[in-house]
Amino acid sequence: MQKRTVYNGCSKDGSACSGTGSGTLPACAPLAVPYVPFQDENPEKYEAQAALSNGTLFPGLNLPFRLKVDAPEVANTPLAELQALNFVLNELGLYLDTHCDDAEAFALYQSYRKLEQEGRAAYVAKYGPLTQMDTAEFDRYIWLNDPWPWEGGND
């Protein structure tokens, strides 16, 4: 059996090394070589909380990792919802970097951005600033007031 080294989808001997399209590594891709499955236009997408739990918005890119958290176990709090929305926005932004003509994905990006803006404004109004810049929305500088969002006192 001849040993093959794979680079960018092709082995050194020139034969193709194609993926499965399902997010799994092809047999010819050794673990020491990074491999990202090709994404088609309009791929299937997880809901926001499931995307955050799986570490990707796209089921086709979901490679199972041992420390994955099950979506039902993710806290159902306003802060966790904002984290999920921001995660989905980042994932869609990365997808759009390589699929800029995908109008459906951009429309989804715009709708998630609107949800994130509304959710952030509601959170800041009810619990206080999430970031130092959010303090500009208040009548005085309150950034150092306790509890901090990640301390769990505002959920």
Side-chain angles (χ1 to χ4, degrees), residues 6-9 18-26 29-155:
V6 179
Y7 299 96
N8 297 328
S18 61
T20 63
S22 65
T24 58
L25 290 172
L31 291 178
V33 177
Y35 174 80
V36 177
F38 178 77
Q39 283 183 276
D40 293 323
E41 294 273 330
N42 300 314
E44 182 183 346
K45 297 166 194 73
Y46 287 123
E47 294 297 320
Q49 287 287 346
L52 181 62
S53 171
N54 285 294
T56 180
L57 176 62
F58 306 101
L61 297 181
N62 188 1
L63 299 174
F65 295 100
R66 291 182 24 207
L67 299 177
K68 178 185 161 237
V69 177
D70 289 327
E73 294 178 17
V74 174
N76 188 16
T77 65
L79 186 57
E81 183 62 27
L82 278 176
Q83 289 171 328
L85 288 170
N86 279 294
F87 181 82
V88 168
L89 283 167
N90 285 327
E91 285 282 285
L92 280 171
L94 291 170
Y95 171 79
L96 287 165
D97 285 347
T98 58
H99 298 79
C100 57
D101 294 328
D102 189 336
E104 182 181 330
F106 185 61
L108 189 59
Y109 184 86
Q110 290 173 312
S111 67
Y112 273 111
R113 176 64 178 136
K114 185 176 182 198
L115 286 172
E116 190 278 336
Q117 287 174 320
E118 293 167 354
R120 174 181 281 277
Y123 185 95
V124 169
K126 185 171 182 178
Y127 300 113
L130 278 167
T131 67
Q132 191 175 26
M133 290 180 286
D134 290 330
T135 62
E137 304 298 319
F138 294 88
D139 57 357
R140 62 185 179 83
Y141 189 77
I142 62 169
W143 178 239
L144 298 178
N145 291 5
D146 289 331
W148 292 81
W150 53 87
E151 292 177 324
N154 293 337
D155 293 329

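The shown structure was predicted, so the numbers you read here are calculated from the model rather than taken from an experiment.
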Exercise. State, without any angle test, whether E104 and Y109 hold a side-chain donor-acceptor pair at a distance under 3.5 Å.
Key: no
So CG of L82 and CD of E118: to nearest 0.5 Å the spacing works out to 11.5 Å
Next item on the list: Walk me through it: do Y46 and L52 pass the test side-chain contact (heavy atoms from CB on, under 4.5 Å)?
Entry: CA-CA 9 Å; Y46 287 123; L52 181 62; over 6 Å; no
Should L94 and L57 count as side-chain neighbours, where that means a heavy-atom distance under 4.5 Å? no
Value for NZ (K114) from CD (E116), rounded to nearest 0.5 Å, stands at 13.5 Å
Counting heavy atoms not belonging to Q110, are there more than 12 under 6.0 Å from its CD?
yes
How about Y95 and F58: do any of their side-chain heavy atoms sit closer than 4.5 Å?
-> yes
Separation between CD (E44) and CG (L61), nearest 0.5 Å, reads 11.5 Å
What one should report as the nearest heavy-atom pair of L92 and Y112 is CD1-CD1, 3.9 Å
Nearest heavy-atom contact between V88 and A48 is CG2-CA, 3.6 Å
Closest non-hydrogen contact found for Y127 with P78 is OH-CG, 3.8 Å
Check: E91 and K45 side chains under 4.5 Å, non-hydrogen atoms: no
Item to check | Sub-4.5 Å side-chain heavy-atom contact between Q132 and Y141 | outcome: yes
Smallest heavy-atom separation, P129 atom then I142 atom, equals CD-CD1, 3.6 Å
In terms of heavy-atom contacts, F87 and A51 come closest through CE2-O, 3.2 Å
Distance col, row T135:OG1 vs L130:CG, nearest 0.5 angstrom, shows 11.5 Å
*asked:* Keeping D102 on the side-chain end and N42 on the backbone end, is there a donor-acceptor pair under 3.5 Å?
replied: yes
L85 versus R120: any side-chain heavy-atom pair under 4.5 Å? no
- Task: Mark yes or no for whether K126, through its side chain, and V124, through its backbone, hold a donor-acceptor pair below 3.5 Å.
- Result: no
Sub-3.5 Å donor-acceptor pair from the side chain of D134 to the main-chain atoms of T131, do we have one?
yes
